[in-house]
Amino acid sequence: MKGEKKNTRPVSADTVVVLDFETTGLSPDLGERPIEVGAVLLEAGRIIDRFQSLMNPGKRINSFIEGYTGISNAMVRKAPPCAEVMAEFAQFIQAHNLVAHNASFDQKFLDAEFGRINCQRQGDFACSMLISRRIYPDAPNHQLGTLVGYKRLKSDGIFHRALADAEMAAHLWVALLGDIENRYRISRIPFPVMRKLARTPKASADPWLWQYSRSHADVKAKP
DNA sequence: TGCCAGGCCCTCTTTAGGGCCTT
């Protein structure tokens, strides 16, 4: 698929790229590589562009990953190499801020692959999983698929494929923003505040958000 | 041959251990 069109959307406070990697394993430090990347560009809570590509990791995919993702060695054999795909992906994400579910995982792989092609990430990462743990403490668990069901979010029923997971994470991100803004009566919560929320100790996240709400009363009232 | 990550978060904690989450 790649980008539906060349992404020239200007970076703004209202744009964020939600991304997901499928990989050969858990850690690039152990030589694992991506086999697929999927991402969507959100603008003011709406998906306005998509990116998806398989890539050839230059190593065999083990049977667990083949079963887990449905991505086979035969599928990636004819795919472009990681370096080519990641160079295109860098054009897609530009300097937009980034979101992923368990972002530390995707950040590791993105930075490792960008390092291989001498490319530098400009946007900051926020983690929908860490924020979900703070905003949805009563969810059965905080796996992406569970949260999609818990919040009755849109899903095409495909899991563990990069674009499908990125789209679900995007819907979750929009739900988080809406629920925080409604619960704490904040008109628009900035991306840096979401990043700070993810790093706020879980037990103090609720009072911290109320404090933030009170200190930003000038933007509290919704039209 | 067998094993391999790492940050977060809770608790039977803090001089630690184990589950969660990502593939």
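Note on naming: letters A, B, ... go to the chains in the order of the sequence lines (proteins, then strands), and numbering restarts at 1 for each one. Keep in mind that the numbers below use all heavy atoms, side chains included, and drop hydrogens, waters and symmetry copies. Owing to the predicted nature of the structure, the values given are computational and were not obtained by experimental measurement.
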- Think A:His101 has a side-chain N or O under 4.0 angstrom from the OP1 or OP2 of B:dC21? no
- Task: Answer with base, sugar-phosphate or nothing: what part of the nucleic acid does A:Thr24 contact at a heavy-atom distance below 4.0 Å?
- Result: nothing
- By side chain to side chain donor-acceptor pair (under 3.5 Å) - contacts of A:Glu22 (at least two apart): none
- Can you find a pair of side-chain heavy atoms, one from A:Leu42 and one from A:Val99, that are under 4.5 Å apart? no
- Task: Sugar-phosphate means primed atoms, P, OP1 and OP2; the rest is base. With that split, encode nucleotides 9-14 of chain B 5' to 3' as B, S or - using protein heavy atoms under 4.0 Å.
- Result: SS----
- Item | Side-chain N,O (A:His142) to OP1/OP2 (B:dC20) below 4.0 Å | no
- Message: Taking any heavy-atom pair under 4.0 Å as a contact, classify A:Phe109: base, sugar-phosphate, or nothing.
- Response: nothing
- Message: Heavy atoms only, 4.0 Å cut-off, all strands: where does A:Asp165 land among base, sugar-phosphate and nothing?
- Response: sugar-phosphate
- Query: Got a salt bridge between A:Lys154 and A:Glu167, using NZ or NE/NH1/NH2 to carboxylate O under 4.0 Å?
  - Reply: no
- Touch check for A:Asp106, heavy atoms < 4.0 angstrom, all strands: base, sugar-phosphate only, or nothing? nothing
- C1' atom, B:dT23 versus B:dA5: distance in rounded Å? 11 Å
- Identify, with sequence neighbours excluded, every residue that meets side chain to side chain contact (heavy atoms under 4.5 Å, CB included) alongside A:Pro57. A:Thr24, A:Arg33, A:Ile35, A:Lys59, A:Val76
- Task: Quick one: name the residues clustered hydrophobically with A:Ile158, using the 4.5 Å side-chain heavy-atom rule over I, L, V, M, F, W, Y, and just say none if it's on its own.
- Result: none
- Note on the structure: Hits for side chain to side chain contact (heavy atoms under 4.5 Å, CB included) against A:Asp206, two or more places apart or cross-chain, chain-then-number order -> A:Tyr184, A:Trp210
- Query: Expressed in whole Å, how much space separates the C1' atoms belonging to B:dG18 and B:dC12?
  - Reply: 12 Å
Under 3.5 Å, which N/O atoms of the protein pair with N/O atoms of nucleotides 4-6 of chain B?
none

